[in-house]
**Student:** 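Handing you a structure now.
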Amino acid sequence: MSKNADMDNYFFELENMDQILKQIYEVRVEDGKPVLPKQKFPKAVYDRIKMFGGEEAAAAGWTIFGSLKLILGECNREDYEMNAIGDKSKFKPSKDFGDWMDKHYRFGPVLIMLALIYGNYELEDD
């Protein structure tokens with residue numbers, strides 16, 4: 001990635017910091033019960049979380065951290081093959097996923113981890 005692209009991604013996060021932090025820290029109380037923040041993702045990220053997170057991953061023996069590594073594309077193929085879940089052809093993250101991670105390089109993994117822990121995520125509006 002070029003230095004200009006790094007700076008563009010840095011400024012993207014700065015410009016969207018309020019929205020990003022609300023998805024992490026905005027816990028509210030409604031009717032005496034906590035309401036956890038909802039994470040919103042573009043389709044490429046949402047689909048990877050659906051594919052490599054959740055009940056199927058847990059049933060196959062994946063921990064939350066292991067699922068996060070799968071989603072981020074940081075898991076080696078041998079480990080994945082032992083407990084394969086989801087569509088094997090989508091093991092490697094797409095370009096759209098990579099572009100989103102470039103723009104959210106500091107908080108992207110945090111947002112994905114919260115989606116895995118809370119399960120309170122949705123597809124963002126276009």
**Student:** Between W100 and H104, is there a side-chain heavy-atom distance shorter than 4.5 Å?
**Tutor:**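 In short, these two side chains touch, coming nearer than 4.5 Å.
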**Student:** List, one per line, each side-chain donor-acceptor pair under 3.5 Å for residues 107-114, sequence neighbours excluded.
**Tutor:**
none

**Student:** Is the gap between the ring centers of F52 and W62 under 6.0 Å?
**Tutor:**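 Not under 6.0 Å, so no.
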**Student:** Between the main-chain N or O of G54 and the side-chain N or O of E56, is there a donor-acceptor pair closer than 3.5 Å?
**Tutor:**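 Absent.
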**Student:** I71 versus V45: any side-chain heavy-atom pair under 4.5 Å?
**Tutor:** no
**Student:** Going through the distances and angles, do K40 and Q23 end up as a side-chain contact (heavy atoms from CB on, under 4.5 Å)?
**Tutor:** CA-CA 8 Å; K40 296 182 179 186; Q23 293 182 65; 4.1 Å; yes
**Student:** Enter the distance from S67:OG to I117:CD1 here, rounded to the nearest 0.5 Å.
**Tutor:**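 Separation between the atoms: 11.0 Å.
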**Student:** For K95, what residues pass the side-chain hydrogen bond (donor to acceptor under 3.5 Å, both in side chains) criterion, not counting sequence neighbours?
**Tutor:**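 side-chain hydrogen bond (donor to acceptor under 3.5 Å, both in side chains) list for K95, sorted by chain: D99.
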**Student:** Does a side-chain heavy-atom distance below 4.5 Å link P37 with K22?
**Tutor:** no
**Student:** Can you name the ring-ring contact (aromatic ring centres under 6.0 Å, His included) partners of Y121, sequence neighbours left out?
**Tutor:**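 Here the qualifying residues are Y46.
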**Student:** State the CD1-CD1 distance between I24 and I20, to the nearest 0.5 angstrom.
**Tutor:** 7.5 Å
**Student:** Quick one: list whatever passes side-chain contact (heavy atoms from CB on, under 4.5 Å) with A44, sequence neighbours left out.
**Tutor:**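 Counting only residues at least two positions away or on another chain, A44 forms a side-chain contact (heavy atoms from CB on, under 4.5 Å) with S94, D96, F97.
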**Student:** Ion pair present between E74 and K69, side-chain N to carboxylate O less than 4.0 angstrom?
**Tutor:** no
**Student:** If the condition is side-chain hydrogen bond (donor to acceptor under 3.5 Å, both in side chains), which residues does E30 pass it with, not counting sequence neighbours?
**Tutor:** R28
**Student:** Yes or no on side-chain contact (heavy atoms from CB on, under 4.5 Å) for V29 and V35, after CA distance, side-chain angles and deciding distance?
**Tutor:** CA-CA 6 Å; V29 177; V35 177; over 6 Å; no
**Student:** Identify the heavy atoms of G53 and L116 that sit nearest to each other, and give their distance.
**Tutor:** CA-CD2, 3.6 Å
**Student:** Would you compute the distance between atom NZ of K38 and atom CD of E26 and round it to the nearest 0.5 angstrom?
**Tutor:**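 Interatomic distance, K38 NZ to E26 CD, rounded to 0.5 Å: 12.5 Å.
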**Student:** Mind checking side-chain contact (heavy atoms from CB on, under 4.5 Å) for T63 and listing every partner two or more places apart, or none if nothing turns up?
**Tutor:**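 side-chain contact (heavy atoms from CB on, under 4.5 Å) list for T63, sorted by chain: F65.
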